[in-house]
Student: 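Handing you a structure now.
One-based numbering along the sequence shown.
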Amino acid sequence: MQQTEVLDSVDLMFRAFSDRTRLRILHVLLGGELCVGDLVEALLAPQPRVSRHLAYLRKANLVVVRRSGVWSHYSLAPAKTPFHRKLLECLANCFGDVPELQADKARAAKIRRSGGCCPAPGKS
């Protein structure tokens, strides 16, 4: 990667982390993959907002999508650079005292335990 590409990538990742909704999405995805409907429920946010921010996170190479029929399942993208790895470490370790993020995480865990709104592969 050329230096300008690296700087553009770093800039895009910082911008992704600078938005409250995107930070909430990333934090919830630390617990594993979720479909859009489950993210909407975990964040208590409107679907268009969640989808718009997921698109931004995909562009920043911070999340990946797996399609299963009509369902889109999102997860954190594996770190490809040391900088990306450090951002993910910060995401996991720097936000323990933020009540909104902890509430999102608790709702997401409950959704995961219940099976969520998107059928498992082969059960749609």
Side-chain angles (χ1 to χ4, degrees):
M1 218 183 253
Q2 292 183 349
Q3 185 174 0
T4 55
E5 290 173 335
V6 171
L7 291 175
D8 288 346
S9 174
V10 167
D11 182 59
L12 195 55
M13 286 185 184
F14 269 130
R15 288 175 189 264
F17 268 72
S18 72
D19 179 86
R20 178 179 170 180
T21 300
R22 291 191 291 266
L23 184 61
R24 292 174 68 201
I25 291 168
L26 291 167
H27 194 261
V28 164
L29 292 177
L30 280 171
E33 179 181 82
L34 286 172
C35 71
V36 176
D38 291 339
L39 283 165
V40 165
E41 187 176 339
L43 300 179
L44 304 175
Q47 184 273 326
R49 179 189 311 159
V50 171
S51 292
R52 180 176 69 251
H53 288 290
L54 284 167
Y56 193 98
L57 291 169
R58 281 180 43 210
K59 180 180 176 188
N61 296 312
L62 290 170
V63 300
V64 292
V65 63
R66 176 182 64 83
R67 302 216 191 277
S68 177
V70 298
W71 307 104
S72 294
H73 301 266
Y74 286 86
S75 59
L76 292 177
K80 294 181 181 173
T81 65
F83 176 77
H84 186 178
R85 190 171 23 268
K86 289 291 186 187
L87 278 180
L88 293 177
E89 288 173 16
C90 182
L91 183 63
N93 298 311
C94 299
F95 299 104
D97 295 333
V98 180
E100 183 177 37
L101 295 179
Q102 294 310 310
D104 293 343
K105 182 179 172 181
R107 282 189 299 272
K110 185 176 178 182
I111 290 165
R112 285 185 179 98
R113 284 191 303 273
S114 73
C117 70
C118 302
K123 297 183 180 181
S124 54

Student: What residue pairs, at least two apart or across chains, pass salt bridge (Lys or Arg N to Asp or Glu O under 4.0 Å) with a residue in residues 23-43?
Tutor: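 Salt bridge (Lys or Arg N to Asp or Glu O under 4.0 Å) check on residues 23-43 returns R24-E100, R24-D104, E33-R66.
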Student: Identify the heavy atoms of H27 and L91 that sit nearest to each other, and give their distance.
Tutor: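 It is CD2-O, 3.6 Å.
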Student: Sub-3.5 Å donor-acceptor pair from the side chain of S68 to the main-chain atoms of W71, do we have one?
Tutor: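 No; judged by distance alone, with no hydrogens or angles, the pair does not exist.
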Student: Roughly how far, to the nearest 0.5 Å, is the CG atom of L34 from the CG atom of L29?
Tutor: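 If I round to the nearest 0.5 Å, the distance is 6.0 Å.
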Student: Check whether V98 and L23 end up in the same hydrophobic cluster, where Ile, Leu, Val, Met, Phe, Trp and Tyr are linked by side-chain heavy atoms less than 4.5 Å apart.
Tutor: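 Yes, because V98 and L23 connect within a single hydrophobic cluster, where side-chain heavy atoms sit under 4.5 Å apart.
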Student: Do L44 and L26 share a hydrophobic cluster (ILVMFWY, side-chain heavy atoms under 4.5 Å, transitive)?
Tutor: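 They do not share one cluster, since no chain of ILVMFWY contacts under 4.5 Å joins L44 to L26.
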Student: Is the backbone of P48 close enough, under 3.5 Å, to the side chain of S51 for a donor and an acceptor to pair up by distance?
Tutor: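 Side chain of S51 to backbone of P48, a donor-acceptor pair under 3.5 Å: no, none is there.
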Student: Over all heavy atoms of both residues, which pair between F95 and Q102 is shortest? Give the atoms and the distance, please.
Tutor: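 What the structure gives for the nearest pair is O-NE2, 3.3 Å.
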Student: Is there a chain of hydrophobic side chains (I, L, V, M, F, W, Y, each step under 4.5 Å between heavy atoms) that links F83 to V64?
Tutor: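 Different hydrophobic clusters.
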Student: What's the spacing between L30 CG and S75 OG if we round to 0.5 Å?
Tutor: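 Here the interatomic distance stands at 11.5 Å.
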Student: What distance separates R112 CZ from R107 CZ, expressed to the nearest 0.5 Å?
Tutor: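 Atom-to-atom, R112:CZ and R107:CZ are 12.5 Å apart.
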Student: Considering residues at least two apart in sequence or located in another chain, which fulfil the ring pair (Phe, Tyr, Trp, His ring centres under 6.0 Å) criterion with F17?
Tutor: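 In terms of ring pair (Phe, Tyr, Trp, His ring centres under 6.0 Å), with neighbours along the sequence ignored, F17 is linked to no residue.
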Student: So how far is it from T21 OG1 to L54 CG, rounded to the nearest 0.5 Å?
Tutor: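 Spacing of OG1 (T21) from CG (L54) equals 10.5 Å.
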Student: Kindly compute the distance separating CG (L62) from CG (L12), expressed to the nearest 0.5 Å.
Tutor: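 Spacing of CG (L62) from CG (L12) equals 7.5 Å.
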Student: Measuring from C35:SG to I111:CD1, what's the distance to the nearest 0.5 Å?
Tutor: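 Those atoms lie 8.5 Å apart.
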Student: Which pair of heavy atoms, one from L57 and one from A16, lies closest together, and at what distance?
Tutor: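 Between these two residues, the closest heavy atoms are CD2-CB, 3.8 Å.
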Student: Under the salt bridge (Lys or Arg N to Asp or Glu O under 4.0 Å) rule, what pairs show up with a residue in residues 44-53, not counting sequence neighbours?
Tutor: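 Those involving residues 44-53 do not exist here.
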Student: Give the C-alpha distance, both sets of side-chain angles, the deciding distance and a yes or no for side chain to side chain contact (heavy atoms under 4.5 Å, CB included) between L88 and K86.
Tutor: CA-CA 5 Å; L88 293 177; K86 289 291 186 187; over 6 Å; no
Student: Does a side-chain N-to-carboxylate-O contact under 4.0 Å join D19 and R15?
Tutor: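 So D19 does not pair with R15 through a salt bridge.
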Student: When you look at V65 and R58, which way does the side chain to side chain contact (heavy atoms under 4.5 Å, CB included) test go after all the steps?
Tutor: CA-CA 8 Å; V65 63; R58 281 180 43 210; 3.9 Å; yes
Student: Indicate the atoms forming the closest heavy-atom contact of I25 with L43, along with that distance.
Tutor: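 Of all heavy-atom pairs spanning I25 and L43, the closest is CG1-CD1, 3.4 Å.
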Student: Which pair of non-hydrogen atoms, one from N61 and one from H84, has the smallest distance, and what is that distance?
Tutor: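 Looks like O-CE1, 3.5 Å.
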